[in-house]
There are 2 protein chains.
Amino acid sequence: MPRPATLTADLITAAALKVGDREGVKAMSMRRIAAELGCDPMSLYRHFPDRQALLDAVADLALADARDPDPGESWEARLVAVLTSIRSAALRHPGIAAHIAGRPPLQRHGRRLAAAIIGALAEAGLPPADVIRATQALIAYLAAALAMSLQAGEPDARWRELRAAIAALPDALPDDALPVTGSDDQFGYGLGLLIAGIRVEAEHGRER
Amino acid sequence: MPRPATLTADLITAAALKVGDREGVKAMSMRRIAAELGCDPMSLYRHFPDRQALLDAVADLALADARDPDPGESWEARLVAVLTSIRSAALRHPGIAAHIAGRPPLQRHGRRLAAAIIGALAEAGLPPADVIRATQALIAYLAAALAMSLQAGEPDARWRELRAAIAALPDALPDDALPVTGSDDQFGYGLGLLIAGIRVEAEHGRER
DNA sequence: ACCTGAACACCGTTCAAGT
DNA sequence: ACCTGAACACCGTTCAAGT
């Protein structure tokens, strides 16, 4: 790895994302990232106050290729599009995805995407105070669904018993026909519930 | 700290929770917990395969005093009651709450509470496959809302700009009248959206 | 004034040596 | 066979010493 002439925050962020993509979260240490750049670990502290701040920047960068929704679509379709796009972008960078889930980034790309969500909710007809409530609810749901998708990669034995409990209900499907934790289908279902709830809420407001 | 005659998994779990409550997540290290018990750090590995497994047990213990809902209530009221109770129990143990949020515990207490959620959703009239989808959606939302409540303790500057963006909407309220990230009110609003969505979904199913 | 790297105060876990 | 604690391979960050 040739050392670049001058170190910048962007160079560090890009290098950290690369290390995370290649070797996972654990490898994204200050020492390891510095080694990737061929510089002293302490040099990173010239551009970021601490590791948390660096990871925040990496998380935001990972959302760079999450696309804004087509403004011609309905507010419902735009919400689905932007949230699905964020989820896909995050899952393309599993090293930093857990950090995105735990601390939704609100820098360049995070704000751009949040603006798309806010715009859709305003068009749905929610009053401003509910727009922020609904935005945070959607981001919260996205974050947690993302975290579950990451853990579902492992042999999600922790959910087996829960699924078994449901299989014991009357009219139950066979256990292996039950939806899988963290799947696209599972994500879409919960998102659908929230959007249905938003629609109901917006209609109530209009009647009042 | 007097060393108990025999070390058990329960003793270790209780000691770990106590350390976490008193000194936060960072203090819940194998070494620190062992010191609390007056034993060698390696002794813990006789009862738990690794730190993750120990924290899973602590997370479940923290939910011990989350109460089951009153079976006489409507399914909506029961859902609100059980999810609010889980959130309160978790917030009473901030040291382990982040772990609960990231990895919903599904041992003794986690399963008991999940059963309450499943029961309410089945009574709402969802088919079994949707019961599991909705259960996971509710748990996901709860987990993330919990994580946000924990971070909101800090001077949540990260959300200020998002709130500023909403304050710029037509009909906006003054910025300081906007709902606060991670507040009880914020949690309740998102939960209300999900429940409204579940009601719509259950009605659709009934018409079909 | 700026930058470096040694040092501090920790980690989780392995494993060889003791009983 | 069981248990212990020394040792390994790391951490994030501080800070004194160099330029």
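Side-chain atoms are counted along with the backbone in the values below, which use heavy atoms only and exclude waters and symmetry mates. This one's a predicted model, so the numbers in the text were calculated from it and none came from an experiment. Residue numbers begin at 1 in each chain, while the letters A, B, ... track the order of the sequences.
Pairing each heavy atom of A/Ala90 with each of A/Ile100, the nearest pair is CB-CD1, 4.0 Å.
A 4.5 Å side-chain heavy-atom check between B/Leu61 and B/His93 finds every atom pair outside the cut-off. Side chains of A/Val80 and A/Pro69 form no contact here, defined as non-hydrogen atoms less than 4.5 Å apart.
Not a single side chain to side chain donor-acceptor pair (under 3.5 Å) links B/Asp60 to another residue, sequence neighbours left out. Scanning for side-chain contact (heavy atoms from CB on, under 4.5 Å) contacts around A/Asp50 gives A/Gln52, A/Ala53, with sequence neighbours left out.
Counting only residues at least two apart or in different chains, salt bridge (Lys or Arg N to Asp or Glu O under 4.0 Å) contacts with residues 190-201 of chain A comprise A/Glu76-A/Arg199.
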Pairs under 3.5 Å (N/O, protein and nucleotides 12-14 of chain D):
residue : atom : partner : partner atom : Å
D/dG12  : OP1  : A/Met30 : N            : 3.3
D/dG12  : OP1  : A/Arg51 : NE           : 2.9
D/dG12  : OP2  : A/Met30 : N            : 3.1
D/dG12  : N7   : A/Arg31 : NH1          : 2.3
D/dG12  : O6   : A/Arg31 : NH1          : 3.1
D/dG12  : O6   : A/Arg31 : NH2          : 3.2
D/dT13  : OP2  : A/Tyr45 : OH           : 2.7
D/dT13  : OP2  : A/Arg51 : N            : 3.1
D/dT13  : O5'  : A/Tyr45 : OH           : 3.4

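Taking atom C1' on both D/dG12 and C/dT14, the two are 23 Å apart, rounded to the nearest angstrom. Between C/dC10 and D/dA9, the two P atoms lie 22 Å apart (nearest whole Å).
Between A/Arg46 and C/dC2 there is no side-chain N or O to OP1 or OP2 distance below 4.0 Å. Applying the 4.0 Å criterion to OP1 and OP2 of C/dT4, one finds that A/Ser43 has a side-chain N or O inside that range.
As a whole-Å value, the separation of A/Glu23 CD from D/dC10 P is 12 Å. For the pair A/Leu44 CG and C/dG5 C1', the interatomic distance rounds to 14 Å; values are reported in whole Å. Atom pair B/Leu55:CG and C/dC11:C1' shows a separation of 13 Å (rounding to whole Å applied).
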Read 5' to 3' with Watson-Crick or G-U pairs under 3.5 Å, [ ] for crossing pairs and | for partners on another strand, DNA chain C gives ||.|||||...|||||.||

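Salt bridge status for A/Asp130 with A/Arg133: present, with a side-chain N to carboxylate O gap under 4.0 Å.
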Donor-acceptor contacts under 3.5 Å from residues 25-35 of chain A side chains, at least two apart:
residue : atom : partner : partner atom : Å
A/Ser29 : OG   : A/Arg32 : N            : 3.0
A/Arg32 : NH2  : A/Glu23 : OE2          : 2.6

